[in-house]
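Notes follow once the structure below has been shown.
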Amino acid sequence: MARFRIGRHLRSRIHLVWMVVSLMIILLLPFILGIGLYVKSILLLEEKSLWELLFSSDWRPLSGNFGFLSFAISSLWVTALSLLIAGPICLLTAIHLTHYAKKWVLQIMHPVIDILAGIPSVIFGVWGILVIVPFISRYVAPIFGIETSGYTILTGSIVLAVMIIPFILNIMIDVFKMIPDELKEASLSLGASKWQTIKLVVIRKAFPGIISAFGLGISRAFGETIAVLMVVGNVAKIPTGVFQAGYPLPALIANNYGEMLSIPMYDSALMLAALILFCVVLIFNFLSRILIMRSEKITN
Amino acid sequence: MRKHKYIEEKFFRVLMFFSTTLIVMVLLLIIFSILYKGLPSLSWEMISQTPKGGFYFGKEGGVLNAIIGSLYLSIGATLLAFVIGLPVALFMNVYLVKFKKTVNTIRFFLDLLWGIPSIVYGAFGFTIMIYLGLKTSLLAGIITVTLFIIPIMVRAMDEVLKTVPFGLLETSLSLGSTRSETAYKVFLKQASPGLVTAVLLSFGRAIGDAASVLFTTGYTDHIPTSLTQPTATLPLSIFFQLSSPIEEVQNRAFASAVILTVIILIISILARLYSRKYQKHKINF
């Protein structure tokens, strides 16, 4: 009996140690990630300042010129445009689902959102090539009198918008659900219509939450790789319109990884690109999460 | 003025209805366009054979290497993530349950990690691989994907364990069991269907991600027989076949896309069934 007891407590001890070790692994992970990428990019940063690299569009790896500007601008275009498409759709749908829709609509929409969120990015890419690319080159571009292959910034943004919709929508539904009923009732009892209540009370109250849902959407869109890579055209030039090909940062990393191994500086440049991606995403995530937590505290 | 307010509401209600329908339509469009384009090229040969000579010029063979490779990779990564992830989720909800601030900080941290793009994990995994002197291999892929899915798995498990009532913890402790016994015998059992959902979710992420394995697993026409061999994965096989100029190869990419989509749909449905089961067995104190 005594031995059994020791065994039990020893086992508990071992479990506890493993739990703490695992937790440490997870908590250290982002730091190791950041440091690892930084160490690799030092080589390039010693030669040129970050500022120089970010504001030069001269990308000729073989002669040692690594200007990230055209990639950064492509990333900004694609991200901003996809948010512009996905944002209003998510906002409208979230209001519809939380305030107007019947219960069965929600019951359909939950699996729809889940499945959409679970579809692998390569499948979105295939869909983009099958549907969006011909759609853009055959129907949309001719309206503006432009001839294009269909592999454009706009195509990438549409595909990306569909990918971030389930993500933004999920957060937004939660945000709207958290608005206290008393608030709406007070507004309704003062004679406001349902829409006025939503417009002037609910949206205003949910505003920080909405912004942070957008922020998380941005960080998602910024790092998305394969799907965008497949449809965006990948031409290393500063894009000046939505019907031009772009070359976002993640696509740059993915496309060149195989060939850069022989040139240490090239390797370093791509690692720096990954580090930039990492930092931008972390900052957006951080700010959005803080905003969400703040607004949760206020409503509670 | 009065009328105006209702017209505006009507207008936005139509818009709202339209955008909700749009989302459903887009999902249906994605699934149907993949099936429409891929099903004609899908054959038993595609699923049951590895690429033969000349496969990439449209000759016979299939993508069995990629299917098996993807399964090896995701099962390996999910298991590894489970071994690290489950204890952390239990630790947060059984040991740290009184330290609300600490738990919330950990959650915040995990949410941050959750958002890091998989390509960053891929680049990092590649660096580690070079540093350790490994070659592109199944093992390197498993490690990278594990890092990528751990935050997802822990956070999903945590959401489930959060709903296990505090009373259950108190009861178990007052009957003399240790905290780790409470964790592994009571919490685990109570939350198991929900935990299965979390595991399936992570598995789906692992099998569908391409960017993190692009540099770490390599690509081969053979089914790997050890952890140190390079491995083909389904997303990458779709990606590579699609970039070929030959039409038959492209059609095979669409057929492979059907295979991947079907796998993902099955996982989604299973996850949903288990989460429903969990809802049913939930206790309310």
Side-chain angles (χ1 to χ4, degrees), chain A residues 8-9 11-12 15-16 18-19 22-23 25-27 29-30 33 36-37 40 89 92-93 95-97 100 109 111-112 114-116 118-123 126-127 129-131 162 165 193-196 216 219-220 223-226 250 253-254 257 270-271 274 277-278 281-282 285-286 289, chain B residues 5-6 8-9 12-13 15-17 19-20 22-24 26-27 29-30 33-34 37 84 87-88 90-91 108-109 111-113 115-120 123-124 126-128 147 150 154 178-181 184 204 208-211 214-215 235 238-239 242 253-254 257 260-261 264-265 268 272:
Chain A
R8 248 183 83 197
H9 285 280
R11 208 159 58 208
S12 291
H15 275 311
L16 180 61
W18 181 238
M19 283 173 177
S22 307
L23 183 64
I25 294 176
I26 295 180
L27 293 186
L29 183 60
L33 254 168
L37 293 177
K40 284 290 248 182
I89 293 178
L92 289 166
T93 308
I95 296 174
H96 183 69
L97 292 181
Y100 288 101
M109 284 310 281
V112 165
D114 282 355
I115 292 174
L116 206 53
I119 292 180
S121 74
V122 73
I123 299 290
V126 172
W127 172 69
I129 291 177
L130 279 178
V131 179
V162 176
I165 279 178
S193 74
K194 193 170 184 183
W195 174 247
Q196 282 174 323
L216 291 172
S219 74
R220 212 358 84 100
E224 187 43 59
T225 313
I226 295 290
I253 307 173
Y257 228 86
L270 292 182
M271 283 304 170
L277 216 60
F278 177 72
V281 167
L282 268 194
N285 253 339
F286 184 78
R289 294 280 174 200
Chain B
K5 128 176 151 183
Y6 292 105
E8 190 185 309
E9 171 156 19
F12 274 99
R13 283 197 70 166
L15 264 189
M16 281 189 254
F17 177 76
S19 46
T20 311
L22 184 72
I23 294 176
V24 182
V26 165
L27 177 66
L29 182 64
I30 292 172
S33 60
I34 300 278
K37 198 71 186 166
I84 299 175
V88 174
L90 286 171
F91 187 63
F108 184 77
F109 218 74
D111 283 339
L112 281 187
L113 271 178
I116 296 175
S118 61
I119 185 93
V120 173
F124 175 72
F126 187 79
T127 318
I128 294 292
L147 297 181
I150 278 183
V154 177
T178 63
R179 277 191 188 253
S180 85
E181 279 168 345
Y184 284 102
D209 192 68
L214 193 53
F215 323 125
I238 297 170
F239 181 62
L242 204 57
F254 298 131
L260 183 57
T261 312
I264 291 289
L265 286 181
S268 292
R272 196 137 264 283

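In what follows, chains carry the letters A, B, and so on, assigned in the order in which the sequence lines appear, proteins first and then strands, with residues in each chain numbered from 1. Nothing here was measured: the structure is a model prediction, and the numbers come from that model.
- Both the backbone and the side chain of B:L112 come within contact range of chain A, judged by heavy atoms closer than 4.5 Å.
- With a 4.5 Å cut-off on non-hydrogen atoms, B:L22 touches chain A through its side chain but not through its backbone.
- Using a 4.5 Å cut-off between heavy atoms, A:L130 touches chain B through its side chain atoms alone.
- The candidate from A:E224, A:K194, A:K40, A:Q196 with the greatest count of non-hydrogen atom pairs under 4.5 Å with chain B is A:Q196.
- In this structure, B:F17 and A:H96 have perpendicular ring planes: the angle between them is above 60°, well past the 30° mark.
- Both the backbone and the side chain of B:I84 come within less than 4.5 Å of a heavy atom in chain A.
- Considering only heavy-atom pairs separated by less than 4.5 Å from chain B, the leading option among A:L97, A:L33, A:V112 is A:L33.
- Using a 4.5 Å cut-off between heavy atoms, B:D111 contacts chain A through both its backbone and its side chain.
- Contacts between B:L29 and chain A at a heavy-atom distance below 4.5 Å involve backbone atoms as well as side-chain atoms.
- Of the atoms belonging to B:I264, it is side-chain heavy atoms, and not backbone ones, that fall under 4.5 Å from chain A.
- Contact count versus chain A (heavy atoms, under 4.5 Å) is highest, among B:R13, B:R272, B:M16, for B:M16.
- Within a 6.0 Å radius of CZ in A:F286, other residues, nucleotides and ligands contribute 12 heavy atoms or fewer.
- The contact between A:I95 and chain B is made by backbone and side chain atoms together, counting heavy-atom distances below 4.5 Å.
- Considering A:I25, A:L29, A:L23 as possible partners of A:L27, the one that fulfils the side chain to side chain contact (heavy atoms under 4.5 Å, CB included) test is A:L23.
- Looking at B:S268, only its side chain comes within 4.5 Å of chain A, counting heavy atoms on both sides.
- Of the atoms belonging to B:L113, it is side-chain heavy atoms, and not backbone ones, that fall under 4.5 Å from chain A.
- When heavy atoms are compared at a cutoff of 4.5 Å, B:L242 approaches chain A solely by way of its side chain, counted from C-beta outward.
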